[in-house]
Amino acid sequence: MRSNENTLLLGKKVVLVPYTAEHVPRYHEWMKSEELQRLTASEPLTLEQEYSMQRSWREDTAKCTFIVLDAEKWQARLSTTEESCMAGDVNLFLTDLWDPSLGEIEVMIAEPSCRGRGFGTEAVLMMMSYGVTKLGLTKFEAKIGQGNEPSIRMFQKLHFEQVAVSSVFQEVTFRLIVNEHERQWLLEQTSHVEEKCYRDGSSESH
């Protein structure tokens, strides 16, 4: 999605930046993991296919992607690259033609050292806040593998409620309706987030 290509979101634990070609090699290494392929229902791609996918995602108006960076590493970096700070990614899919206010959200914390530290929770909160304030979303869905207990617990903690179970796909669907109360709660949870202007691996105040 081009609407977020110049947007950097700075949180306490994570930084969200647009998915660029710089991030592809690390992302490609992550997706060689059979565990991540299973959790994300993904097929392994070649590096060239991954670059092609990154370009298509950038142009796709129905897909909003941010790479999740470790904020502590990112803020301390001197000569290190953004790639070395990568922790995972967070996505919004705006694929319901009948309901443009609905976004399907997914998060992946791929870097093992970054798991269990609240990165996924903050990334999802920041992405939901972006979806509500910038994309006009009022409903979110998350489809999670039945065996992915950490993700299930995380979305339940974020007020999502289970609405469906698919034994065929072995996944559970959770949904959150963003009424005024939920909107205020969400904005409070993300009141610390700073939006900056992103320019290919750097940021400047926005």
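Count residues from 1 along the sequence.
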Original post:
Can you name the ring pair (Phe, Tyr, Trp, His ring centres under 6.0 Å) partners of Phe160, sequence neighbours left out?
Top reply: Phe155
Original post:
Are Ile67 and Leu69 close enough that some pair of their side-chain heavy atoms sits under 4.5 Å apart?
Top reply: yes
Subject >> Residues which pass salt bridge (charged side-chain N to carboxylate O under 4.0 Å, His left out) with Glu59, listed by chain and number, not counting sequence neighbours >> reply: Arg2
Original post:
Looking only at atom types and distance, does a side-chain atom of Ser167 sit under 3.5 Å from a main-chain N or O of Gln170, one as donor and one as acceptor?
Top reply: no
Subject >> Set of side-chain hydrogen bond (donor to acceptor under 3.5 Å, both in side chains) partners for Thr138, sequence neighbours left out >> reply: Ser101
Subject >> Residues that Ala164 engages under side-chain contact (heavy atoms from CB on, under 4.5 Å), provided they are two or more places apart >> reply: Thr173
Subject >> Residues Glu106, Lys143; criterion salt bridge (Lys or Arg N to Asp or Glu O under 4.0 Å); working and verdict >> reply: CA-CA 8 Å; Glu106 67 173 31; Lys143 295 177 180 176; over 6 Å; no
Original post:
Residues two or more places apart in sequence or in another chain: which of them pass salt bridge (charged side-chain N to carboxylate O under 4.0 Å, His left out) with Glu161?
Top reply: none
Original post:
What are the two closest heavy atoms between Pro18 and Thr7, and how far apart are they?
Top reply: CD-O, 3.2 Å
Subject >> 4.5 Å side-chain heavy-atom contact, Cys64 and Met127 >> reply: yes
Subject >> Trp30 and Glu111: CA distance, side-chain angles, deciding distance, side-chain contact (heavy atoms from CB on, under 4.5 Å) verdict >> reply: CA-CA 8 Å; Trp30 285 341; Glu111 201 60 41; 2.8 Å; yes
Subject >> Polar side chain donor-acceptor pair, His23 to Glu83, under 3.5 angstrom >> reply: no
Original post:
Does Leu16 reach the side chain of Leu8, with side-chain heavy atoms less than 4.5 Å apart?
Top reply: no
**OP:** Say whether, by atom type as modelled, one donor and one acceptor occur between the side chain of Ser84 and the main chain of Thr81 under 3.5 angstrom.
**Re:** yes
**OP:** Look at the side-chain heavy atoms of Ile, Leu, Val, Met, Phe, Trp and Tyr, link any pair under 4.5 Å apart, and say whether Phe66 and Leu158 land in one connected group.
**Re:** yes
Subject >> Which atom of Arg117 lies closest to which atom of Lys13, heavy atoms considered >> reply: O-NZ, 2.9 Å
Subject >> All pairs passing side-chain hydrogen bond (donor to acceptor under 3.5 Å, both in side chains) where residues 174-184 contributes a residue, at least two apart >> reply: Glu141-Arg175, His159-Glu182, Glu180-Gln184
Original post:
Which residues pass the side-chain contact (heavy atoms from CB on, under 4.5 Å) test with Ser52, sequence neighbours left out?
Top reply: Arg55
Original post:
Side-chain contact, heavy-atom cut-off 4.5 Å: Leu9 with Val14?
Top reply: no
Subject >> Met53 reachable from Leu47 in the ILVMFWY side-chain graph, under 4.5 Å edges >> reply: yes
**OP:** Not counting sequence neighbours, list each pair that qualifies as a side-chain hydrogen bond (donor to acceptor under 3.5 Å, both in side chains) and has a residue in residues 62-72.
**Re:** Thr65-Asn91
Subject >> Shared hydrophobic cluster, Met108 / Ile152 (ILVMFWY, side-chain heavy atoms < 4.5 Å) >> reply: no
**OP:** Taking side-chain hydrogen bond (donor to acceptor under 3.5 Å, both in side chains) as the test, write out the residues that go with Thr46, two or more places apart.
**Re:** Gln49
**OP:** Output yes when a side-chain donor or acceptor of Ser129 lies under 3.5 Å from a complementary backbone atom of Leu125, and no otherwise.
**Re:** no
Original post:
Testing Met128, Glu122, Met126 for side chain to side chain contact (heavy atoms under 4.5 Å, CB included) with Val124, which one passes?
Top reply: Met128
**OP:** May I ask whether Val178 and Ile105 are part of the same hydrophobic cluster, defined by side-chain heavy atoms of I, L, V, M, F, W, Y residues being less than 4.5 angstrom apart, directly or through others?
**Re:** yes
Original post:
How far apart are the C-alpha atoms of Tyr130 and Val90, what are their side-chain angles, what is the distance that settles it, and do they pass the side-chain contact (heavy atoms from CB on, under 4.5 Å) test?
Top reply: CA-CA 12 Å; Tyr130 183 84; Val90 62; over 6 Å; no
Subject >> Evaluation steps, side-chain contact (heavy atoms from CB on, under 4.5 Å), between Leu137 and Leu92 >> reply: CA-CA 10 Å; Leu137 302 184; Leu92 271 176; 3.9 Å; yes
**OP:** Look only at the side chain of Ser151 and the backbone of Asn148, and say whether a donor-acceptor pair between them is shorter than 3.5 Å.
**Re:** no
**OP:** Would you give the length of the straight line joining atom CD of Glu194 to atom NZ of Lys12, rounded to the nearest 0.5 angstrom?
**Re:** 11.5 Å
Subject >> Residue pairs passing the salt bridge (Lys or Arg N to Asp or Glu O under 4.0 Å) test where at least one lies in residues 124-139, sequence neighbours excluded >> reply: Asp99-Lys139, Lys134-Glu195
Subject >> Those residues that, when tested against Glu50, pass side-chain contact (heavy atoms from CB on, under 4.5 Å) (two or more places apart) >> reply: Tyr19, Val24, Tyr27, His28, Met31, Leu45
**OP:** Measure the shortest side-chain to side-chain distance between Phe140 and Glu104 over non-hydrogen atoms and say whether it is less than 4.5 angstrom.
**Re:** no
**OP:** Heavy atoms only: give me the nearest Ser3-Leu135 pair and the separation to one decimal.
**Re:** OG-CD2, 4.3 Å
Original post:
Could Arg26 and Glu29 be called an ion pair, given the rule that one side-chain N must be under 4.0 Å from one carboxylate O?
Top reply: no
Original post:
Would a 4.5 Å heavy-atom cut-off, applied to side chains only, mark Met86 and Val68 as touching?
Top reply: no
**OP:** Evaluate side-chain contact (heavy atoms from CB on, under 4.5 Å) for Tyr198 paired with Thr20, printing each intermediate quantity in order.
**Re:** CA-CA 11 Å; Tyr198 180 82; Thr20 71; 4.0 Å; yes
Original post:
With sequence neighbours left out, what residues match Gln162 under side-chain contact (heavy atoms from CB on, under 4.5 Å)?
Top reply: Val165, Val172, Phe174
